[in-house]
Visitor: 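There's a structure below that I have some questions on.
Every chain is numbered from 1, with letters handed out A, B, ... down the list of sequences.
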Amino acid sequence: MSESFDARGLLADLTPDQQAAVTHGEGPLLILAGAGSGKTRVITRRVAYLLRSGVRPSNILAITFTNKAAGEMKNRVEKLAPGNRVWVSTFHSLGARLLRQYGERLGFDRNFTIYDMDDRNKIVKDALEASGIDNVKFSPERIGGAISKAKNQLLTPPEYARTATDFFQKTVGTVYPLYEKRLRAANAMDFDDLLYLPAMALKKNEELRAELDARFKYVLIDEYQDTNSAQYEIAKRLSLNYDNLCVVGDPDQSIYKWRGSDIKNILDFERDFPNARVITLAQNYRSTKAILHAASVLIDHNKQRKKKDLVTDNPQGDPVNILTFDNGLDEAEGVVVRIKEAVKAGAYKYRDHAIFMRINALTRSLESAFVKHGVPFQIVKGLAFFERKENRDVLAYLRLLANPQDTISFLRAVNEPARGIGKVSLDRLQAFAADQEIGLLAAAGQVARITEIKGKAATGLRDFHRMMTDLRARLDLPPHELVSLVLEKSGYEAMLRDSTDDEDAERLANVGELVTAAKQFHEANPESTITDFLEQITLASDVDGWDEQADHVSVMTLHASKGLEFPVVYVLAVEEGLLPHERSMGREDEIEEERRLCFVGMTRAMKELYLCHARLREFRGQLNYAIPSSFLQELPRDVRYSDTSMARNQARSAADEWRAKVGPAAKDWADTGARPVIPPKKPTDYKPTIPDAPETGLAVGVLVQHEEFGLGTVTDVSGYGALRRVKIRFPGHGEKTFVADKVKLKIVGRKKAGG
DNA sequence: CATTATATATTTTTT
DNA sequence: ATATATAATG
């Protein structure tokens with residue numbers, strides 16, 4: 001290929017395979033990119049390459065999995081090809097943008113609200129009640145999930161009803177159209193609509209399809225293995241006239257099947273696009289040989305898999321570690337202490353560490369361990385802040401301002417703070433609104449016409465409507481000023497300020513932070529409206545809130561870890577029932593997805609990898625035996641086992657207190673229920689990789705040499721990490737207690753048993 | 001209507 | 001164990 005432009009800077013540091021992917025010209029391209037093979041880099045370079053070769057930035061569309069990834073790619077492209085603003089976004093953001101831009105052509109109001117799962121379930125509940133099916137057999141969550149799945153498969157309500165066979169599906173078939181009606185009446189879209197409606201429009205409206213196809217001549221999609229049918233439809237229909245579709249993915253990292261993702265999309269790409277070029281990137285640049293080998297051996301247990309060997313030129317590195325703890329608390333503490341020690345030893349910074357787990361619930365014990373040891377951390381869960389009650393309340397006002405039809409937000413805001421408007425009055429108002437086919441806010445404006453509502457409720461509704469009308473006149477204010485105004489006019493701020501409740505003081509601070517968040521948004525996007533602000537919040541993914549600059553330990557779910565990398569990785573609770581999760585048990589394909597999830601977590605690690613499990617784990621307030629994950633058995637032999645729970649005989653660990661509380665039943669748990677799948681290990685098997693690790697070999701009966709007191713025998717060891725104390729009896733000096741971290745001791749040997 | 005007490009369900013993972 | 005939903009009470 002002869003370039004008439006300067007591509008040297010884009011290609012110099014790439015392998016031939018990577019270069020081929022970057023410089024591929026017209027036509028479909030499938031890049032099978034193994035974990036750590038530099039796929040983000042390739043996709044970014046490719047965009048820059050296209051720009052330098054003369055493709056107009058407006059003709060390029062790049063789809064990433066998170067908004068954060070989209071922002072980063074935008075910045076990198078900007079650096080490689082200055083002055084070019086390419087459209088990079090997630091599928092959902094793309095859908096929202098298309099719907100706002102072309103919605104009116106399709107019959108939608110552009111100021112629609114995006115409903116999250118919470119909102120969705122409330123609508124489902126309402127639709128369920130209205131359907132007359134009140135046997136409470138199926139939860140709104142379950143029905144909502146089924147509707148979501150239907151939309152992902154592009155099934156319309158009648159189509160779904162036609163294919164429904166069992167009672168559950170028939171129920172969903174009844175609720176689905178009612179649900180849709182309520183969404184449209186509220187001028188709202190759920191997450192799935194953002195894909196479903198554009199996909200349908202591209203399918204049905206050839207004029208629009210051809211227009212967008214020509215606009216997005218080059219489409220690039222990252223994490224293609226996790227696209228669903230609706231997303232596939234969008235990609236395909238944007239690539240009919242201009243089939244320059246470039247998809248990047250790794251079937252081994254497909255972890256969203258439960259959300260409707262179809263691994264077939266990537267496996268069948270060559271069939272869908274017969275002239276597709278396929279490039280495989282198998283070279284790993286991220287992990288040590290030890291880590292990559294362990295991950296490869298694990299994933300090789302998946303039967304439904306095209307075999308693929310990942311190779312790396314990186315050094316062998318330390319063996320992968322399997323850590324055994326007494327219980328969840330010890331696990332949390334043990335990991336935090338290890339990290340602290342590693343940082344203290346100067347080997348790593350806090351930000352080099354990440355802790356992953358299968359379920360969010362496990363972050364609780366970690367949180368207290370971090371606080372206890374003064375280790376900085378961030379729990380990467382993007383929406384958590386906006387999901388607090390007080391912030392949701394305030395956001396409900398904003399959503400209602402942006403979209404007066406928004407039922408859910410009206411119901412949330414109308415009596416918070418209390419305005420004397422109760423359930424009965426609201427039922428009457430809803431009946432009136434439904435009858436008149438108007439929104440709830442509009443109905444509140446006509447409260448005088450509703451004879452059944454009187455007294456406090458009537459004045460409350462009238463005042464609420466008047467206040468919202470006044471606020472709506474200020475809709476053009478920058479987001480943060482609008483938030484401040486809402487806080488003031490609604491009385492929400494006053495309510496919190498006048499409260500004597502301590503928690504309300506915190507809530508006040510939180511809504512204050514909401515103003516700050518809005519201000520930051522405004523500064524970053526000066527042109528944007530309140531609708532954009534709300535959209536960004538709703539479509540934010542967990543990692544979008546991650547601060548990767550700060551020096552702290554990152555804590556997140558395995559799902560959130562996709563696409564990231566860290567020098568040191570800990571995976572918690574690698575136990576049967578959690579990883580693989582019990583809900584996947586019995587279904588081989590779901591077990592395989594769990595294995596992929598484990599694989600994703602492992603392959604995030606660059607230098608050190610620790611897979612942890614505990615002998616006892618608390619679940620719903622109950623203590624249960626935990627069996628090490630079958631995945632651990634599938635690892636190669638050269639992993640390193642270390643059982644820190646061995647300390648239980650010497651140390652007064654948290655487990656002892658716990659066991660004492662639980663009583664004799666659990667006293668000899670170690671010898672009964674828990675059947676270690678892992679070969680039994682001796683404490684001496686463990687060689688700390690970091691200096692001053694909590695396991696310094698100090699145990700009762702160990703003979704030590706002290707600088708001042710001479711030879712002594714350890715009589716007690718307690719606590720962990722910096723708090724670890726060691727009691728030593730010195731002949732002639734009596735018993736002394738030291739902080740294990742601080743005291744200088746030389747281990748001389750072990751006293752004979754009984755001595 | 002609002003507040004409080006009791007019952008009940010809830011836990012996978014997420015745009 | 002905790003959070004939410006419903007029922008009972010003021």
Side-chain angles (χ1 to χ4, degrees), chain A residues 63-70 89-96 114-118 120-122 125 136 139-142 144-145 148-149 151-152 189-196 223 226-228 230-231 254-261 328 356-365 380-384 387 389 415-427 453-460 535-545 556-562 573 577-585 590 593-594 596-598 600-601 617-623:
Chain A
I63 305 282
T64 57
F65 207 68
T66 63
N67 293 294
K68 189 182 183 66
S89 77
T90 65
F91 262 114
H92 290 267
S93 296
L94 167 74
I114 299 170
Y115 276 179
D116 64 18
M117 241 167 59
D118 243 42
R120 178 197 78 182
N121 292 337
K122 281 179 187 156
K125 199 177 166 212
V136 205
S139 67
E141 287 78 15
R142 226 185 123 194
S148 166
K149 217 171 161 191
K151 285 190 180 180
N152 282 161
M189 303 281 176
D190 63 17
F191 282 137
D192 308 305
D193 283 333
L194 301 180
L195 308 173
Y196 171 84
E223 306 283 9
D226 278 323
T227 49
N228 62 32
Q231 291 165 331
S254 164
I255 55 174
Y256 283 100
K257 183 182 189 286
W258 54 273
R259 205 171 82 181
S261 298
F356 304 149
M357 51 235 130
R358 178 65 235 265
I359 59 170
N360 283 118
L362 289 174
T363 54
R364 285 184 167 272
S365 44
V380 181
K381 195 149 190 323
L383 293 160
E387 273 168 1
K389 183 192 176 299
N415 204 31
E416 196 75 47
R419 295 184 177 91
I421 304 157
K423 193 183 179 307
V424 182
S425 304
L426 286 176
D427 282 347
I453 303 178
K454 39 194 180 295
K456 221 165 32 165
T459 24
E535 177 176 313
Q536 191 202 257
I537 290 171
T538 315
L539 292 185
S541 67
D542 280 350
V543 278
D544 289 344
M556 65 189 84
T557 63
L558 286 164
H559 282 89
S561 78
K562 187 165 81 160
L578 280 168
L579 185 64
H581 194 272
E582 58 181 336
R583 304 271 288 233
S584 67
M585 298 289 190
E590 288 188 30
E593 175 143 321
E594 296 286 313
R596 288 194 293 271
L597 198 49
C598 189
V600 166
R617 189 156 308 267
E618 199 184 41
F619 179 65
R620 277 192 206 165
Q622 260 217 322
L623 208 52

Visitor: Side chain of A:Ser139, heavy atoms from C-beta onward: which of B:dT10, B:dT13, B:dT14 has the nearest atom to it?
Guide: B:dT10

Visitor: Of the listed nucleotides (C:dA3, B:dT11, C:dT6), which one gets closest to any side-chain atom of A:Arg583?
Guide: B:dT11

Visitor: Categorize A:Asn228 for me: base, sugar-phosphate, or nothing, with a 4.0 angstrom heavy-atom threshold over every strand shown.
Guide: nothing

Visitor: Looking across every strand, which nucleic acid part, if any, lies under 4.0 Å from A:Ala560 by heavy atom: base, sugar-phosphate, or nothing?
Guide: nothing

Visitor: Does A:Leu597 or A:Glu141 map to a spot on DNA chain B nearer the 5' end, using the closest nucleotide for each?
Guide: A:Glu141

Visitor: Could you tell me whether the side chain of A:Asn415 and the main chain of A:Ala418 form a donor-acceptor pair under 3.5 Å?
Guide: no

Visitor: Between A:Asp226 and A:Arg259 (salt bridge meaning N to carboxylate O under 4.0 Å), is one present in this structure?
Guide: no

Visitor: So, OP1 or OP2 of B:dT13: does either fall under 4.0 Å of a side-chain N or O from A:Asn360?
Guide: yes

Visitor: Select base, sugar-phosphate, or nothing to describe what A:Ile421 touches, counting heavy atoms under 4.0 Å on all strands.
Guide: sugar-phosphate

Visitor: Just compare B:dT15, C:dT2, B:dT13 and give me whichever is closest to any side-chain atom of A:Phe191.
Guide: B:dT15

Visitor: Please check this pair: side chain of A:Asn121 against backbone of A:Gly144, looking for a donor-acceptor N/O pair closer than 3.5 Å.
Guide: no

Visitor: Tell me whether the side-chain N/O atoms of A:Thr557 come closer than 4.0 Å to OP1 or OP2 in B:dT14.
Guide: yes

Visitor: Using a cut-off of 4.0 Å on non-hydrogen atoms, how would the nucleic acid contact of A:Asp116 be classed: base, sugar-phosphate, or nothing?
Guide: nothing

Visitor: Check whether any side-chain nitrogen or oxygen of A:Asn415 sits under 4.0 Å from OP1 or OP2 of B:dC1, and answer yes or no.
Guide: no

Visitor: Name the nucleic acid region contacted by A:Asp192, choosing base, sugar-phosphate or nothing; use a 4.0 angstrom heavy-atom cut-off, strictly under.
Guide: nothing

Visitor: For a quick check of understanding: with a heavy-atom distance under 4.0 Å over all strands, which category does A:Tyr256 fall into, base, sugar-phosphate or nothing?
Guide: sugar-phosphate

Visitor: What nucleotide, of C:dA3, B:dT14, B:dC1, holds the atom closest to the side chain of A:Asp542?
Guide: B:dT14

Visitor: Excluding sequence neighbours, so at least two apart, what forms salt bridge (charged side-chain N to carboxylate O under 4.0 Å, His left out) with A:Asp192?
Guide: none

Visitor: Does atom NZ of A:Lys122 have more than 12 heavy-atom neighbours, drawn from other residues, nucleotides or ligands, at distances under 6.0 Å?
Guide: yes

Visitor: For DNA chain B, whose closest nucleotide is more 5', that of A:Ser541 or that of A:Arg419?
Guide: A:Arg419

